[in-house]
A.B. asks: 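So that we are looking at the same thing, I have put the structure below in structure tokens.
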2 protein chains.
Amino acid sequence: MPRAGLDPAAVTAAAAGLADEIGLANVTMGLVAERLGVRTPSLYKHVASQADLNRRIAALALVEVGDALRDALQGKSGRDALAAAAHTLRTYVVQHPGRYSATLPLNPQGPDDPIAIGGARVLDSLAAVLAGYDIDKADTVHAMRLLRSLFHGFATIEAAGGFEMDTDVDKSFEWLIDFVDRGLKTEA
Amino acid sequence: MPRAGLDPAAVTAAAAGLADEIGLANVTMGLVAERLGVRTPSLYKHVASQADLNRRIAALALVEVGDALRDALQGKSGRDALAAAAHTLRTYVVQHPGRYSATLPLNPQGPDDPIAIGGARVLDSLAAVLAGYDIDKADTVHAMRLLRSLFHGFATIEAAGGFEMDTDVDKSFEWLIDFVDRGLKTEA
DNA sequence: ATCGTTGGCTAACGCCATTAGCTTTCAGCT
DNA sequence: AGCTGAAAGCTAATGGCGTTAGCCAACGAT
């Protein structure tokens, strides 16, 4: 019996892929093992539990989103940066709904938790977007929360199929970006 | 052995209460039964499955949110209506996080599904809020999606404990309402 | 070549959702 | 009041899933 050569990252990647395909809630240890050509208990040599695995998926998603944002925001500012961040986030959630949904119960266990680090990097990117607007220092936190809530909410509802189809969702998204852009510009 | 006098509504109410206390994901048929002073299999005389129970919880939550919104919006318009709706939604989610999270995988099974009906009533209330602003007819759908995404996202993140504590979340919420109000007013 | 570590396996436990089938209660009818 | 049939509760059993224990083979370092 040859070895499969697994490690935590491989298990996490397999589970993340599965989550995108069938939904995070339907990801079972047995299915992950099957995808890796391994028996279920073998997974426990690499991850501590299913909860641990979910947290690793969340950390992976946050890193990927953070990277994507960093790339997309290169050399952009103002409305361009806002639009780039918005599209990047939406695209990621649409393409990786399972991974992304793992990030919802955000409970970093400490400052060195990968989830906390990844989350902070995403927030840094949002802060970079806001830097392109003249926003009062005291209001930046509020504006950050605005962006987070709006993008997260939109993406979540869209991924859940919550928008009726008769009106174009893409158009709404553009309208929404414009709404925020204008609002942030007139923010003292 | 006397009868417990259960019905679908009682089972749903018990499960909803439990969900608010321990989180929807931790609600098990056994715990619901225990709370009702009944053995687990007895629940199946009133609900078809755990999935069915979750859908009933979602429908309950939507009805409750719809009622609360309707009450809160009585005789209000413009900024007052917007603020009332926002606070009502936020308060509900904070007080009933378990119930509310049951509404996330919105998949109404047909036009007569209680989930569809409840959801439509909530959307009607949001439409009523927008009626207080002069918004171009073609843009109302976009504005509806803005409100949904923003409120849903904010409430979800807050319920998950996603906002750091050093800056007041209440203040952010007020700032956010103001941001939307000003934006909607300058919307042609 | 060997040795300790590591990664895989089988077997087993316990919890949970769900079903089958029995018994008892109770509302409505006579 | 007595009867009767449907509905509500129960016990027992099944199958799936997460997880642990303990065994054995593979492999890198000496």
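Numbered from 1 within each chain, the chains take letters A, B, ... in sequence-line order. Note that this is a predicted model, so its numbers are computed, not measured.
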A.B. asks: Could you list all N or O pairs between the protein and nucleotides 19-21 of chain D that sit under 3.5 Å apart?
C.D. replies:
unit_1 : atom_1 : unit_2  : atom_2 : d
D:dT19 : OP2    : A:Tyr44 : OH     : 2.8
D:dT19 : OP2    : A:Gln50 : N      : 2.8
D:dT19 : O5'    : A:Tyr44 : OH     : 3.4

A.B. asks: Indicate the ring-plane relationship of A:Phe179 and B:Phe179, choosing parallel, tilted or perpendicular according to the 30° and 60° boundaries.
C.D. replies: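 Taking B:Phe179 first and then A:Phe179, their aromatic rings stand perpendicular (interplane angle over 60°).
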A.B. asks: Report yes or no: do B:Leu89 and B:Leu184 belong to one cluster of Ile/Leu/Val/Met/Phe/Trp/Tyr joined by side chain heavy-atom distances under 4.5 Å?
C.D. replies: yes
A.B. asks: Could you check how far CG of B:Asn26 sits from C1' of C:dC16, rounded to whole Å?
C.D. replies: 13 Å
A.B. asks: Just to confirm, is there a sub-4.0 Å distance from OP1 or OP2 of C:dG8 to any side-chain nitrogen or oxygen of A:His46?
C.D. replies: yes
A.B. asks: How about CZ on B:Arg79, more than 12 heavy atoms from neighbouring residues, nucleotides or ligands closer than 6.0 Å, or not?
C.D. replies: yes
A.B. asks: Would you kindly give the CZ-to-C1' distance between B:Arg39 and C:dT19, to the nearest whole Å?
C.D. replies: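 From B:Arg39 CZ to C:dT19 C1': 18 Å.
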A.B. asks: Enter the distance from A:Leu150:CG to B:Leu147:CG here, rounded to the nearest 0.5 Å.
C.D. replies: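 One finds 10.0 Å between CG of A:Leu150 and CG of B:Leu147.
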A.B. asks: Once you round it to whole Å, what is the distance between C1' of C:dG8 and CG of A:Leu36?
C.D. replies: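 Computing the A:Leu36:CG to C:dG8:C1' distance gives 13 Å.
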A.B. asks: Give, for atom OG1 of A:Thr103 and atom NE2 of A:His96, the distance between the pair rounded to the nearest 0.5 Å.
C.D. replies: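 Result: 13.0 Å between the selected atoms.
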A.B. asks: Extract from the structure each pairing of a protein N or O with an N or O of nucleotides 1-5 of chain C at less than 3.5 Å, listing the distance.
C.D. replies:
none

A.B. asks: Under 30°, 30 to 60°, or over 60°: which ring-plane class applies to A:Phe163 and A:Phe154, parallel, tilted or perpendicular?
C.D. replies: tilted
A.B. asks: State which of C:dA17, D:dC10, C:dC9 makes the closest approach to the side chain of A:Ser42.
C.D. replies: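 Looking only at heavy atoms from C-beta outward on A:Ser42, the closest nucleotide is C:dC9.
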A.B. asks: I need the CD-C1' distance between A:Glu34 and D:dC17, as an integer number of Å.
C.D. replies: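 Taking CD of A:Glu34 and C1' of D:dC17, I get 14 Å after rounding.
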A.B. asks: Please report, rounded to the nearest Å, how far the P atom of C:dT23 is from the NZ atom of B:Lys45.
C.D. replies: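 Going from NZ in B:Lys45 over to P in C:dT23 covers 14 Å.
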A.B. asks: Between atom OG1 of B:Thr167 and atom CZ of A:Arg145, what is the distance when rounded to the nearest 0.5 Å?
C.D. replies: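 These two atoms lie 5.5 Å from each other.
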A.B. asks: In whole angstroms, how far is the P atom of D:dA26 from the CG atom of A:Leu6?
C.D. replies: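 One finds 16 Å between P of D:dA26 and CG of A:Leu6, rounded.
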A.B. asks: For the pair B:Trp175 and A:His142, name the ring-plane relationship: parallel under 30°, tilted 30 to 60°, perpendicular over 60°.
C.D. replies: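 It falls in the tilted class, 30° to 60°.
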A.B. asks: side-chain contact (heavy atoms from CB on, under 4.5 Å) for A:Lys185 and A:Tyr133? Distances and angles first, verdict last.
C.D. replies: CA-CA 6 Å; A:Lys185 272 175 184 153; A:Tyr133 295 89; 4.0 Å; yes
A.B. asks: Picking from D:dG9, D:dG18, C:dG8, which would you name as closest to the side chain of A:Thr28?
C.D. replies: D:dG18
